[in-house]
Amino acid sequence: MSVVGTVESLWRYPVKSMRGEESDEFFAGFAGVYGDRLFAFESSASSKGFPFFTGRDQRQMIRYRPRFRDPKKAAQPINRAEAEQSNASPISAKPGELMIDVETPDGKTFAIDDPALIDHLRSGIDGKHKLILLRSDKAITDCRPISIFAVQSARKLGEETGVDVDKRRFRANVYVDLQSAKGFEENEFVGRSLRIGPKVVVSVLERDPRCMMITLDPETAEKTPTILKKVAQAHDGFAGVYGAILTEGMIRKGDSVELLD
């Protein structure tokens with residue numbers, strides 16, 4: 001085992017493609033990060049392989065800010081401590097206890113299931129998008145349950161493009177500050193396992209293929225195509241890594257990140 005870095009920050013995204021929420025700690029379970037991507041919108045205009053309505057379709061969507069009505073119930077499984085003591089599976093809060101309100105960029109607030117929110121999202125875009133709200137007990141991720149990105153990789157892309165690259169463009173769950181100063185060093189973890197904090201073990205399965213979402217500024221939704229172009233040309237189209245959780249538990253900001261094998 002060797003310590004390769006620390007947890008720089010933790011993020012979850014209660015609604016797929018909307019603004020993330022930074023946390024000091026969260027529960028990483030087999031199905032993903034607790035409270036992450038519980039809701040998504042499906043579009044009639046999207047492909048069956050990827051049916052979701054995202055910032056690809058409505059750039060401003062990444063500026064919508066979701067908030068749990070009951071932050072305490074949304075923080076971690078309701079019986080986490082007791083479940084850990086008896087080596088049992090933790091239980092999620094009830095769906096009604098994990099309801100979300102969404103603040104729009106123009107200051108309006110809607111319940112996540114309010115049809116008016118759909119009308120607001122569809123404003124100014126192609127009318128072919130007919131939206132349906134989806135709700136899941138596990139994270140509706142693109143690929144794997146958890147995503148990891150090194151802050152050094154954002155810094156490297158900034159040097160390569162001459163652009164101030166905000167790490168939030170990459171919408172990771174765990175941002176790590178590696179001991180290595182090299183960007184994209186997390187690629188070396190693929191096929192290996194990491195222990196994050198005292199308990200959580202993550203098997204790093206693959207690099208994260210990137211799309212136009214990383215071109216969107218998280219504050220303004222303005223596009224910077226240069227970033228995706230550089231990722232494609234210099235990094236084979238990948239930035240960050242995906243993993244599966246092998247051992248569940250809490251991850252906290254500042255936790256050590258150890259390479260196990």
Side-chain angles (χ1 to χ4, degrees), residues 1-13 20-37 75-77 80-81 83-84 87-90 92 138-157 165-210 213-214 231 234-261:
M1 294 186 295
S2 61
V3 175
V4 294
T6 58
V7 174
E8 187 267 348
S9 60
L10 298 168
W11 294 76
R12 61 182 183 174
Y13 308 84
E21 170 189 75
E22 186 175 6
S23 304
D24 288 333
E25 61 179 13
F26 59 47
F27 179 80
F30 299 132
V33 172
Y34 188 74
D36 186 43
R37 296 172 171 94
Q76 56 183 279
R80 180 188 65 82
E84 287 183 348
N87 198 30
S89 298
S92 173
K138 65 178 184 179
I140 308 173
T141 54
D142 286 355
C143 183
R144 306 295 184 178
I146 194 165
S147 55
I148 300 170
F149 189 83
V151 294
Q152 285 78 12
S153 298
R155 193 173 302 135
K156 174 70 172 175
L157 279 170
V165 176
D166 190 323
K167 70 186 181 191
R168 294 178 297 164
R169 289 177 182 266
F170 301 92
R171 301 181 65 82
N173 296 121
V174 182
Y175 289 93
V176 295
D177 186 2
L178 296 176
Q179 291 182 348
S180 169
K182 294 172 57 179
F184 295 84
E185 191 73 5
E186 64 268 43
N187 293 344
E188 302 302 315
F189 304 152
V190 174
R192 308 174 78 178
S193 294
L194 299 172
R195 176 178 288 124
I196 306 177
K199 185 175 181 182
V200 175
V201 177
V202 176
S203 175
V204 182
L205 300 173
E206 58 189 305
R207 292 189 291 168
D208 189 342
R210 293 299 179 169
M213 286 291 292
I214 67 171
V231 169
H235 305 286
D236 303 318
F238 298 94
V241 293
Y242 278 129
I245 293 115
L246 302 182
T247 304
E248 298 182 311
M250 297 297 292
I251 299 176
R252 296 177 174 85
K253 184 176 180 178
D255 274 349
S256 62
V257 179
E258 299 174 84
L259 189 61
L260 298 182
D261 52 37

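These numbers come from a predicted model, not from an experiment.
S92 has its side chain within reach of Y34: a pair of non-hydrogen atoms, C-beta onward, lies under 4.5 Å apart. You'll find the side chain of E206 reaches within 4.5 Å of the side chain of C143, heavy atoms only. Considering only heavy atoms from C-beta on, V176 stays 4.5 Å or farther from E8 through its side chain. In this structure the side chain of I140 never reaches within 4.5 angstrom of the side chain of Y13, judged on heavy atoms. In this structure, E185 and Q152 have side chains that are not in contact, with every pair of non-hydrogen atoms separated by 4.5 Å or more. Here the side chains of V204 and R192 are not in contact, with every heavy-atom distance at 4.5 Å or above. When side chains are defined from C-beta on, H235 counts as touching L157, because their heavy atoms get closer than 4.5 Å. With contacts defined as side-chain heavy-atom distances shorter than 4.5 Å, the pair F170/R210 qualifies.
Closest of all the heavy-atom pairs between G243 and V202 is CA-CG1, 3.9 Å. Across all non-hydrogen atoms, the minimal contact from R171 to S147 is O-OG, 3.8 Å. Closest approach of V200 and A28 over heavy atoms only: CG1-CB, 4.3 Å. When all heavy atoms of S23 and R12 are compared, the closest pair comes out as OG-NE, 4.2 Å. Looking at every heavy atom in both residues, A239 comes nearest to V231 through CB-CG1, 4.4 Å. Counting all heavy atoms, side chain and backbone alike, N173 lies closest to I146 at OD1-CA, 3.5 Å.
Both cation-pi conditions hold for R207 and F238: the charged atom is under 6.0 angstrom from the six-membered ring centre and inside a 45 degree cone around its axis.
I196 pairs in a side chain to side chain contact (heavy atoms under 4.5 Å, CB included) with only one of the listed residues (V201, T247, V7), which is V7. Checking each of K167, K182, E186 against S153 for a side-chain hydrogen bond (donor to acceptor under 3.5 Å, both in side chains) leaves exactly one that passes, namely E186. No option in L178, L205, I148 other than L178 meets the side chain to side chain contact (heavy atoms under 4.5 Å, CB included) test with F189.
The aromatic rings of Y175 and W11 stand perpendicular to each other, their planes meeting at an angle above 60°, with 30° marking the opposite boundary.
In this structure, K199 places its NZ atom where more than 12 heavy-atom neighbours from other residues, nucleotides or ligands lie under 6.0 Å away. A 6.0 Å sphere centred on CG of D24 holds no more than 12 heavy atoms belonging to other residues, nucleotides or ligands.
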